[in-house]
K.L.:
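After the structure tokens below, expect a handful of questions from me.
As the structure lists them, so they are numbered: ligands from 1, and atoms in each ligand from 1. Keep in mind that what you see is a predicted model, and the values were worked out from it rather than measured.
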Amino acid sequence: MLIFTTQEDLRSHLITNFENSKTIGFVPTMGALHQGHLSLIQKSISENDTTVMSIFVNPTQFNNAMDLENYPRTLDADVEKIEKISPDIIIFAPSVDDIYQGKTLSQHFDFDGLENEMEGKHRPGHFDGVGTIVKRLFEIVQPTHAYFGEKDFQQLQIIKKMVEITGLPVEVIGQPIFREENGLAMSSRNERLSSKQREEASFIYKTLQAAKNHFGIKDAVEVSNWVENEFKNNTNFRLEYFEIADETTLKSVQNKEPNKKYRAFIAVFMNDVRLIDTISLN
Ligand code: PAF
């Protein structure tokens, strides 16, 4: 299994071993891999000649120093999981210095307002950090296809927008959310929950499913009020936001219109662990 820790070594390997015409699938991650990440790798393997996965906890996308410090880092276990899928996957696990060259700063992006909604409101600077690292990784790996999970649906839309703005020649592909048996969306942050909390956290998806049912017969404001009330009555959580938004613009919706796609988005805290989830409402 090949593991590269510098962009220079990765680039020279890719240039030497892969002709321009071949397809390179890329799965960017911050590690602490779960079944959702592994499904992205499987998809990439099935669609490309070679697959590169990056494991890099990107400091510029964290607006909270404690969150960055507590983010799980499990490189050895991650490598073992990837090796079981295929020893041919190339891992890129650079240091912060190799990526940022002493200047750990974000570039500022205008994503047509997508960056100002939901996560953008609550995590200032987060999407500049995501845009900066994903753009840099795309420039280093030069993939033909890149795979992202739909749990971070806003991130997925923003990365598609970044590719449109920069003209980088890569197709961005979203994949459905992977869930635990109880419905909890898989996330690296789940590693920080006890097994009891993981059980209790199934409440998030159950509430989203109920919200979807309500949205068939009630308007967006009524559904939002109902969800807020459900979380007020459940002391395991602190609700940060629940929004029903247009899937394309990510703008909050007041009145439903025919032929539009809607999605509910939620962010909650379980103690200091922040969890997000989303569900299509159509
Ligand atoms: O979704 C993630 O894990 C990260 O935001 C990403 C896309 C790897 C960028 O650091």
Side-chain angles (χ1 to χ4, degrees), residues 4 7 10 25-41 43-44 51-64 67-75 77-78 81-82 89-100 104-107 109 111 114-115 118-120 122-141 143 145-163 166 168 170-178 185-192 250 265 267 273-278:
F4 294 96
Q7 41 183 307
L10 175 69
F26 180 41
V27 183
T29 79
M30 297 206 295
L33 302 181
H34 51 68
Q35 207 47 49
H37 293 119
L38 303 185
S39 77
L40 298 179
I41 301 189
K43 178 88 175 151
S44 172
T51 289
V52 179
M53 166 174 249
S54 63
I55 297 178
F56 178 67
V57 180
N58 172 38
T60 62
Q61 70 188 75
F62 287 81
N63 59 313
N64 176 326
D67 193 22
L68 172 61
E69 198 177 314
N70 291 330
Y71 201 86
R73 290 162 171 88
T74 56
L75 185 62
D78 291 345
K81 285 179 192 165
I82 300 169
I89 296 160
I90 296 169
I91 299 180
F92 180 43
S95 65
V96 171
D97 227 39
D98 185 68
I99 291 293
Y100 285 101
T104 315
L105 296 171
S106 298
Q107 177 183 342
F109 291 90
F111 294 118
L114 294 175
E115 74 279 21
M118 298 173 291
E119 291 295 287
H122 294 273
R123 303 184 68 189
H126 170 65
F127 287 121
D128 279 342
V130 170
T132 301
I133 187 61
V134 175
K135 177 169 169 277
R136 195 153 300 178
L137 290 170
F138 281 178
E139 286 161 355
I140 296 166
V141 177
H145 303 88
Y147 300 83
F148 296 86
E150 283 183 354
K151 181 172 73 66
D152 298 285
F153 191 86
Q154 188 173 9
Q155 165 176 281
L156 174 64
Q157 299 294 71
I158 279 178
I159 291 168
K160 284 183 178 165
K161 180 62 72 181
M162 185 271 286
V163 165
T166 56
L168 287 168
V170 51
E171 185 184 344
V172 175
I173 298 155
Q175 286 296 290
I177 300 176
F178 246 76
M186 288 195 186
S187 162
S188 304
R189 287 189 167 86
N190 294 355
E191 296 227 346
R192 297 186 52 220
L250 301 181
F265 296 85
V273 184
R274 189 172 184 276
L275 302 169
I276 62 170
D277 203 345
T278 175

K.L.:
Can you check whether F127 and F111 have ring centres sitting under 6.0 Å from each other?
P.N.:
no
K.L.:
Atom 5 (O) of ligand 1: which protein heavy atom is closest, and how many Å away?
P.N.:
Q155 OE1, 2.7 Å
K.L.:
As a check for students: among M53, K151, Q61, M30, identify the option with a heavy atom nearest to atom 9 (C) of ligand 1.
P.N.:
Q61
K.L.:
List ligand 1 atoms under 4.0 Å from I133, heavy atoms only on the residue side.
P.N.:
9 (C), 10 (O)
K.L.:
Can you tell me how far apart OG1 (T166) and CD (Q107) are? Round to the nearest 0.5 Å.
P.N.:
9.0 Å
K.L.:
Of the side chain and backbone of T29, name the one, both, or neither that has a heavy atom under 4.0 Å from an atom of ligand 1.
P.N.:
backbone
K.L.:
Take N58 and Y71 through the side chain to side chain donor-acceptor pair (under 3.5 Å) test and state the conclusion after the steps.
P.N.:
CA-CA 10 Å; N58 172 38; Y71 201 86; over 6 Å; no
K.L.:
Got a second to check how far Q155's CD is from H126's NE2, nearest 0.5 Å?
P.N.:
6.0 Å
